[in-house]
Amino acid sequence: MSFDLIVKNANLPDGRTGVDIACRNGRIETVEPGISAQAGDVIEADGNLVSPPFVDSHFHMDATLSLGLPRMNQSGTLLEGIALWGELKEILTVDAVVERALKYCDLAVSQGLLAIRTHVDVCDDRLTGVEGLLEVRDRVRDYIDLQLVAFPQDGLYRSPNAEKNLLKALDMGVDIVGGIPHFERTMEDGAKSVKRLCEIAAERGLMVDMHCDETDDPMSRHIETLAYETQRLGLQSRVAGSHLTSMHSMDNYYVSKLLPLIAEAEVHAIANPLINITLQGRHDTYPKRRGQTRVPELRSYGVNVSFGHDCVMDPWYSMGSADMLEVASMGLHVAQMTSREDIRYCYECVTSHPAKAMNLEDYGLEKGCKADFVLLQARDTIEAIRLKATRLKVVKSGRVIATTPARQTRLALEGRPQSVDPSSYAPNEA
Ligand code: FE2
């Protein structure tokens, strides 16, 4: 029997070590030690980690790589970012959106990031971002699963044509219904927008992913309405609440009521650690709130939690490199999830959990799954996060689509080894 590709001696995220992975026709056929069959291509993993691809369930690809256009965000706040994006929207072209997005997708591939859910602003009457990203979704189809969310950035009711534009974007082929209830003029309008948007999704058989309560206001409780509408309309497991930062500031008693409601409704929670830690708490002196939602508590109720990147070099965030290990690292620091088991969980927050939130088919490293994976210069998921490990090879449909040389530095120190390999520093575990 012969295969297209065999990966030899791999460690897997679930703790299995020294296994081989055999692929044919774009699928994984066998995962077991010591496969002796022939293959068109063989990758020696050498005890390094082979992981399913990274997944980013919350991003803004219409704005990415626009940093400095038309000017920099001076205050660094969410609201100046939204105002700045408003200025940029006026002068946006489809070509510019496509060019920047494709450039970002190249970077994503190099980082082993092969599935992205991006919000796309529908409050521009020309729907420039929608047109651009629909084209990009098509052009990257062979190597990135790109999901588009119709996002009424300026408010479903606050922006005059938002609902009309959102429906048009869905007609054009945008996949998911978005929202921003905390940005509507009043709490009532916010709640009304959640209801209306969930109804649109239910009518059309679509998923929902809302920017929900991205504020430090402990009274911003749209997640409660989102969980309620999800149950009322039978949308369980098809709805995500993105950000949920107000939960950071909420009263503990109220949260003790809210958590089971989110769990019952099977709403996915998506935190965005890099952005939450920089944009929230801006009105605080000291102590400054971190803003990240209550990840360990959501987890304890069985809620599916993901970490998204949200922004890279755009009006809201000047940093970022499509590195979901950086996102996981920030997430675990902010949530103080530092036990070995917690860190492994945070790795899942940038792989299997967002894959579940996005309803990706045949994701994983089991027989029958798509032959999509990443070989990292690290032995396990904890080391991968610690080192922001080099993506040695990125495989899509059983074919290597990106290669990066291993990181190894030559030393010139008397009486010391000649080189240093970051992945050779292991913990002293029994
Ligand atoms: Fe966002």
Side-chain angles (χ1 to χ4, degrees), residues 55-67 73 76-86 88-89 101 104 108 113 116-124 129-130 133 146-156 159 162 166 169 174-184 190 193-194 197 207-216 220 222-223 226 239-248 268-280 282 291-293 305-320 322 324 327 330-331 349-350 354 357-358:
V55 179
D56 184 1
S57 55
H58 189 107
F59 196 61
H60 294 263
M61 204 175 275
D62 49 357
T64 195
L65 306 184
S66 68
L67 180 66
N73 182 337
T77 60
L78 172 64
L79 294 182
E80 186 177 343
I82 292 175
L84 184 48
W85 171 242
L88 180 56
K89 259 195 295 196
Y104 184 78
L113 170 56
I116 302 172
R117 173 181 283 181
T118 176
H119 295 254
V120 51
D121 191 348
V122 296
C123 288
D124 155 27
V130 171
L133 291 190
L146 190 59
Q147 290 184 348
L148 307 187
V149 185
F151 175 45
Q153 169 79 74
D154 301 327
L156 185 74
S159 172
L166 180 133
V174 169
D175 309 280
I176 296 160
V177 179
I180 186 164
H182 56 277
F183 196 71
E184 304 292 350
S193 78
V194 172
L197 290 161
M207 293 191 280
V208 175
D209 189 336
M210 275 187 211
H211 283 66
C212 197
D213 304 320
E214 188 182 5
T215 159
D216 293 317
S220 188
H222 297 297
I223 178 59
L226 184 63
V239 174
S242 279
H243 290 295
L244 307 177
T245 53
S246 72
M247 283 180 70
H248 187 96
H268 306 276
I270 302 174
N272 296 291
L274 296 166
I275 308 309
N276 300 152
I277 193 76
T278 45
L279 293 185
Q280 302 307 312
R282 286 275 177 163
Q292 185 167 283
T293 196
V305 181
S306 308
F307 293 153
H309 205 318
D310 201 1
C311 300
V312 170
M313 296 180 75
D314 69 9
W316 297 275
Y317 188 61
S318 63
M319 309 296 284
M324 296 308 292
V327 173
M330 182 58 77
C349 288
V350 294
M358 289 172 64

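What you are looking at is a predicted structure, and each value in this text was computed from that prediction instead of being measured. When a ligand or atom number is given, it counts from 1 through the structure's own listing order.
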- Item | Evaluation steps, side chain to side chain contact (heavy atoms under 4.5 Å, CB included), between N73 and Y317 | CA-CA 9 Å; N73 182 337; Y317 188 61; over 6 Å; no

- Item | Between CD1 on residue I176 and NE2 on residue H119, distance to nearest 0.5 Å | 8.0 Å

- Task: Give every protein N, O or S atom lying under 2.8 Å from the Fe ion (ligand 1), naming each by residue and atom.
- Result: H58 NE2, H60 NE2, H211 NE2, D310 OD1

- Answer yes if the side chains of D310 and H60 hold a donor-acceptor pair under 3.5 Å, and no otherwise. yes

- Task: Check the side chains of H243 and N276 for a donor-acceptor pair under 3.5 angstrom, ignoring hydrogens and angles.
- Result: yes

- Item | For G308 against P273, the heavy-atom pair lying closest together | O-CD, 3.7 Å

- Message: With heavy-atom distances below 4.5 Å as the criterion, would you say the side chains of M207 and R117 are in contact?
- Response: yes

